[in-house]
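What follows is a single structure, written as structure tokens, with notes after it.
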Amino acid sequence: MSTRAFITGVSGTELTAVEREFIRAERPWGFILFRRNVDTPAQVAALVAELRAVAGAADAPVLIDQEGGRVQRLGPPHWPVYPPGAIFSTLYDTDSVLGLTAARLSARLIASDLADLGITVDCLPLADVPVPGADAVIGNRAYGTEPGKVAAIARAVTEGLEQGGVLSVLKHIPGHGRATADTHFKLPTVDAPRDELDRTDFAAFQPLADLPMAMTAHVVFSAVDPAHPATTSATMITQVIRGVIGFQGLLMSDDVSMNALSGNIAERTRAIFAAGCDMALHCNGNIEEMREVAGQTPELSGTALARAKAALASRKAPQPFDRAAARAELDALIARANTASA
């Protein structure tokens, strides 16, 4: 069955009759869960199963943002707390092998939690490179300030997810680290020179260009396109994301409903596809906005369809795993990192 090129959120812990009708009629490619959709493990697993059943697609991707630290949709009392990305950076500076090991272990444990629920995609890793004076929206979510280290830790995170049978979404391409505003509320403009962007922000993403999926940044880079954020900039997508960085996987927008984008929801959706994104992401579960997105979203076809199929086909079966031993090892490494940073 054909699908439309968008990923949608839903409003609560169970589907409403209106949402079921919407999903059947509009055929989104995938779904994304947030804290409002989460109560107990049994409830989340049931919601995930129902999303796929209503969509009529047993392999429909179900996404979540489960990074650790401040961005963790699954948490106590049913799921453990995971460290923010900065912990891996601290460990890496002490011993690069330990830093990569901790990043891989954390992601592998997260993948086990997600796989138990039927969630197949984590919006992780980040390759954003923060700078002094940037908005705190990235902050300690980042893996450091040196592009090579950021890319190495991001690769380890990806490996951990892959070992648990979970696909990754690289974010926020081509970089959110310099943004001076939270894009949920305002559009930031980065005025760094192009050569500096090439050496830092864009460089962190280049070693990760083979990842199956990536999410755009709602950020203007004035040295490349002073008029549009990367999400709606054909210049940024063609010249930088597909060109300089070399990413050829499935490119999804960050959330259409974020206030960094201008225009109404329908205009934003059209601009996303006109710029060259393969997939629109809408997160807030507002049914009227969901209808607007669906109304402006094309059938998934051509190159975008091929990229979507390739992404899903790249998911591996989970490898054998001792969860308790892995958690004990991760906790020991976190304690070491906390001691090092004290």
Side-chain angles (χ1 to χ4, degrees), residues 1 3-67 70-79 113-114 116-124 137 166 169 171 182-185 213 215-216 218 231 252-261 263-270 272 277 279-297 300:
M1 183 178 72
T3 60
R4 289 190 184 277
F6 74 106
I7 298 163
T8 190
V10 293
S11 62
T13 56
E14 298 178 352
L15 290 182
T16 65
V18 170
E19 287 170 340
R20 291 188 193 95
E21 180 183 353
F22 171 82
I23 292 166
R24 290 190 188 103
E26 302 298 348
R27 299 164 288 113
W29 180 70
F31 305 93
I32 187 165
L33 302 185
F34 286 84
R35 182 86 65 170
R36 66 179 182 271
N37 307 120
V38 171
D39 184 11
T40 66
Q43 169 270 318
V44 177
L47 176 60
V48 169
E50 186 178 16
L51 287 167
R52 292 194 173 110
V54 174
D59 65 344
V62 178
L63 293 70
I64 197 166
D65 290 283
Q66 188 74 352
E67 298 177 11
R70 289 179 289 126
V71 180
Q72 198 173 313
R73 313 306 186 198
L74 307 173
H78 299 293
W79 296 275
D113 295 343
L114 302 187
D116 286 347
L117 305 170
I119 298 170
T120 50
V121 183
D122 195 3
C123 297
L124 196 65
V137 66
V166 171
V169 177
K171 60 189 187 185
D182 183 340
T183 52
H184 289 87
F185 309 110
M213 293 181 278
M215 179 186 295
T216 61
H218 294 337
T231 301
M252 67 182 71
S253 72
D254 203 344
D255 184 8
V256 177
S257 64
M258 291 164 70
N259 288 331
L261 299 183
N264 60 38
I265 296 296
E267 291 167 340
R268 297 175 188 186
T269 305
R270 287 196 297 272
I272 283 166
C277 287
M279 189 79 57
L281 174 68
H282 183 264
C283 295
N284 66 20
N286 179 307
I287 191 65
E288 296 307 320
E289 289 189 9
M290 291 158 64
R291 288 181 175 129
E292 287 189 66
V293 171
Q296 302 302 320
T297 296
L300 187 56

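Everything quoted here is computed from the prediction, not taken from an experiment.
- Here the CD-CG distance, from E67 to D122, works out to 8.0 Å after rounding to the nearest 0.5 Å.
- Put simply, the side chain of R73 never gets that close to the backbone of I64: no donor and acceptor are under 3.5 Å apart.
- Applying the salt bridge (charged side-chain N to carboxylate O under 4.0 Å, His left out) definition to pairs two or more places apart or across chains, those involving residues 3-18 are R4-E26.
- When side chains are defined from C-beta on, H78 counts as touching T40, because their heavy atoms get closer than 4.5 Å.
- A 4.5 Å side-chain heavy-atom check between L51 and L33 finds at least one atom pair inside the cut-off.
- Minimum interatomic distance between I265 and S257 (heavy atoms only, all atoms of both residues): CD1-CA, 4.0 Å.
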**Report entry** Trace of the side chain to side chain contact (heavy atoms under 4.5 Å, CB included) decision for V44 with N37
**Finding:** CA-CA 7 Å; V44 177; N37 307 120; over 6 Å; no
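- Separating the CG atom in L15 from the CZ atom in F22 is a distance of 11.5 Å, to the nearest 0.5 Å.
- The distance from the NZ atom of K171 to the CG atom of D254 is 8.0 Å, given to the nearest 0.5 Å.
- Residues passing the side chain to side chain contact (heavy atoms under 4.5 Å, CB included) test with Q296, sequence neighbours excluded: A266, T269, R270.
- Taking 4.5 Å as the limit, every side-chain heavy atom of V137 sits out of range of all side-chain heavy atoms of T183.
- There is a side-chain donor-acceptor pair under 3.5 Å between N284 and E289.
- Looking at E21, its side chain never comes within 3.5 Å of a backbone N or O of V18 through a donor-acceptor pair.
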Query raised in the report: Stepwise, does the side chain to side chain contact (heavy atoms under 4.5 Å, CB included) test hold for E267 with L261?
Result: CA-CA 10 Å; E267 291 167 340; L261 299 183; over 6 Å; no
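- No side-chain donor-acceptor contact under 3.5 Å links H218 to the backbone of N259.
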**Report entry** I272 and T231: CA distance, side-chain angles, deciding distance, side chain to side chain contact (heavy atoms under 4.5 Å, CB included) verdict
**Finding:** CA-CA 6 Å; I272 283 166; T231 301; 3.7 Å; yes
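- Without hydrogens or angle criteria, D65 side chain to V71 main chain gives no donor-acceptor distance under 3.5 Å.
- S11 and G285 make their closest contact through CB-O, 3.8 Å (heavy atoms, listed as atom of the first residue, atom of the second, distance).
- Listed here is the closest heavy atom pair of P61 and T120: CA-OG1, 3.7 Å.
- Although no hydrogens or angles enter the test, the distance criterion places a donor-acceptor pair under 3.5 Å between the side chain of Q43 and the main chain of T13.
- Note on R291 versus E288: salt bridge recorded, some NZ/NE/NH1/NH2 to OD/OE distance being below 4.0 Å.
- Nearest heavy atoms, C283 versus D255: N-OD1, 3.2 Å.
- Looking at T8 and F31, their side chains come closer than 4.5 Å, going by heavy atoms from C-beta outward.
- Evaluation of the salt bridge (charged side-chain N to carboxylate O under 4.0 Å, His left out) test over residues 44-62, restricted to residues two or more places apart or in two chains, returns R20-E50.
- Scanning both residues, M252 and I7, for their nearest heavy atoms gives CE-CD1, 3.9 Å.
- M215 has its side chain within reach of L281: a pair of non-hydrogen atoms, C-beta onward, lies under 4.5 Å apart.
- With W79 as the fixed residue, the side-chain contact (heavy atoms from CB on, under 4.5 Å) test singles out one of D116, L74, L114: L74.
- When every heavy atom of L63 is checked against every heavy atom of C123, the shortest pair comes out as CD2-SG, 3.9 Å.
- Rounding to the nearest 0.5 Å gives a distance of 6.0 Å between CD of E19 and CD1 of I287.
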